[in-house]
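Read through the structure below, which is laid out as C-alpha cells, and then see the notes.
All residue numbers in this chain count up from 1 along the given sequence.
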Amino acid sequence: MATITRKTMPHRNNLGSTPWGNLNALLYVLTTNAAGALENSDSAAAIASGDKVRVGVIPAGTLLYDSQVIVSTPMSANVTLSVGFEYVDGVDSSIVPQSATYFGTALAASAAARLRNATANAPVTLPKDAYLILTTGGAANAKASRVDVVLEGISEGVA
C-alpha cells in the first residue's frame, strides 16, 4: 500500500486569533420601497430587469463555501436573481475569476422562499474585496420587498 502526500500543504485552516474562531455568516440585505427602488442607495429608480445591485462587500481572504437567499417579502411577479461577486477595484483575478452567478442563477424572487446554494462551484478564497452582486432578470420590481443573502465563509486571510 502506497503513502501519497500532497506537495504543498497549506496551513490556512487554523482558528484565527479570536476565541470564537474564523467561521462567519455574513448577512447582506436588499430592501426596496413601494416603488421598487433599492432603499439607501444611489438611485431612486425602480430595479429593472437586468440591473446589477451591489448589496455589500465581501472581505478579502474569505473562503466562500455556502449561501442562502431568503425571500421574506417577495419582489414583483417573474423577478429572478442571479447571485455572485465582482471585485471592488474592477479588476478581475486569474486565480479566482469574478462570477455573477457563483451562488446561483435565475432564483425566483417573486415568492417567499429560503433558497440554498445549489451550484457545483468549488469553494474559493477571495484574493481581494469583492461586492456581493444580485442581478435581476425576468421583470422589473415595482413593489416593496426584502431579500436577505447569508454567505457562509471562513476567514483565512489573503495568501
Subject >> Polar side-chain atom of Ser93 near backbone of Ile95 as donor-acceptor pair, under 3.5 Å >> reply: yes
Subject >> Tyr87 vs Leu126 side-chain heavy atoms within contact, under 4.5 Å >> reply: yes
Subject >> Side chain Asn141, main chain Met75, donor-acceptor under 3.5 Å >> reply: no
Original post:
If we ignore angles and hydrogens, is there a donor and acceptor under 3.5 Å between the side chains of Asp51 and Thr136?
Top reply: no
Original post:
Got more than 12 heavy atoms from elsewhere within 6.0 Å of CG, Asp89?
Top reply: yes
**OP:** Report whether Val83 and Val124 are members of the same hydrophobic cluster (ILVMFWY, side-chain heavy atoms less than 4.5 Å apart, transitive linking).
**Re:** yes
**OP:** Report the residues that fulfil salt bridge (charged side-chain N to carboxylate O under 4.0 Å, His left out) with Arg116, sequence neighbours left out, ordered by chain and then residue number.
**Re:** Asp66
Subject >> CD on Glu152 to CG on Asn24, rounded to 0.5 Å >> reply: 10.0 Å
**OP:** Check whether any side-chain N or O of Lys128 sits under 3.5 Å from a backbone N or O of Pro59 as a donor-acceptor pair, and report yes or no.
**Re:** no
Subject >> Distance-only side-chain donor-acceptor flag, Ser82 / Thr105, under 3.5 Å >> reply: yes
**OP:** Dump the intermediate steps for side-chain hydrogen bond (donor to acceptor under 3.5 Å, both in side chains) on Ser110 and Asn78, then the final yes or no.
**Re:** CA-CA 6 Å; Ser110 57; Asn78 300 319; 5.7 Å; no
Original post:
When you check the side-chain N and O atoms of Ser145 and Thr73, is any donor under 3.5 Å from an acceptor?
Top reply: no
Original post:
CD1 of Ile58 to CG of Leu151: how many Å apart, nearest 0.5 Å?
Top reply: 5.0 Å
